Amino acid sequence: MAIPKKGSRKIAVDSVEYRWYVRHKPTYMQEIFPINGDLVFAVERLAENVTSILIVEMPFTRPDAITGKSIILKPADIATHIRAALAAGWTPLLPGAPFIYKPGPI
């Protein structure tokens with residue numbers, strides 16, 4: 001599985017290139033029930049063989065949600081979560097299932 005190039009953004013974290021992506025439109029559940037924190041973004045390392053994707057599930061709602069506490073993601077936030085996921089055990093170059101990272105409340 002790879003992140004789509006269209007709509008994704010590149011970021012360099014500690015001299016390593018990554019691509020991150022937030023779905024443009026909310027899913028049905030994110031739009032109807034945005035209470036539990038449904039802001040999710042995916043990250044992959046830019047390498048020849050992409051093998052492991054990072055999924056970050058934020059404790060906030062999407063900015064386009066009707067209710068709930070939302071935030072706007074900045075590149076510095078993305079870099080912070082990539083570093084934290086790496087420290088928590090995400091190995092982007094090893095094959096495996098997507099690594100789910102849930103940061104605590106800010």
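The model shown is predicted, which means the values in this text are computed figures rather than measured ones.
The CD1 atom of I78 lies 9.0 Å from the CZ atom of R9; values are rounded to the nearest 0.5 Å. Taken to the nearest 0.5 Å, the CD atom of E44 stands 5.5 Å off from the CZ atom of R19. Rounded to the nearest 0.5 Å, atoms CD (E57) and CD1 (I100) are 5.0 Å apart.
Using a 4.5 Å heavy-atom threshold, the side chains of I11 and I82 count as touching. A heavy-atom distance below 4.5 Å is found between the side chains of V56 and P103. Using a 4.5 Å cut-off on side-chain heavy atoms (C-beta onward), L73 and L39 make contact.
A side chain to side chain contact (heavy atoms under 4.5 Å, CB included) with S8 is found for exactly one of Y18, W20, Y21, namely Y21.
Y101 and H81 have tilted rings, their planes meeting at an angle from 30° to 60° on a 0 to 90° scale.
Annotation for R83: atom CZ counts as buried by contact number, over 12 foreign heavy atoms lying within 6.0 Å.
Under a hydrophobic-cluster definition in which Ile, Leu, Val, Met, Phe, Trp and Tyr are linked whenever side-chain heavy atoms come within less than 4.5 Å, directly or via other members, L93 and V16 are assigned to different clusters.
When all heavy atoms of A97 and S52 are compared, the closest pair comes out as O-OG, 3.9 Å.
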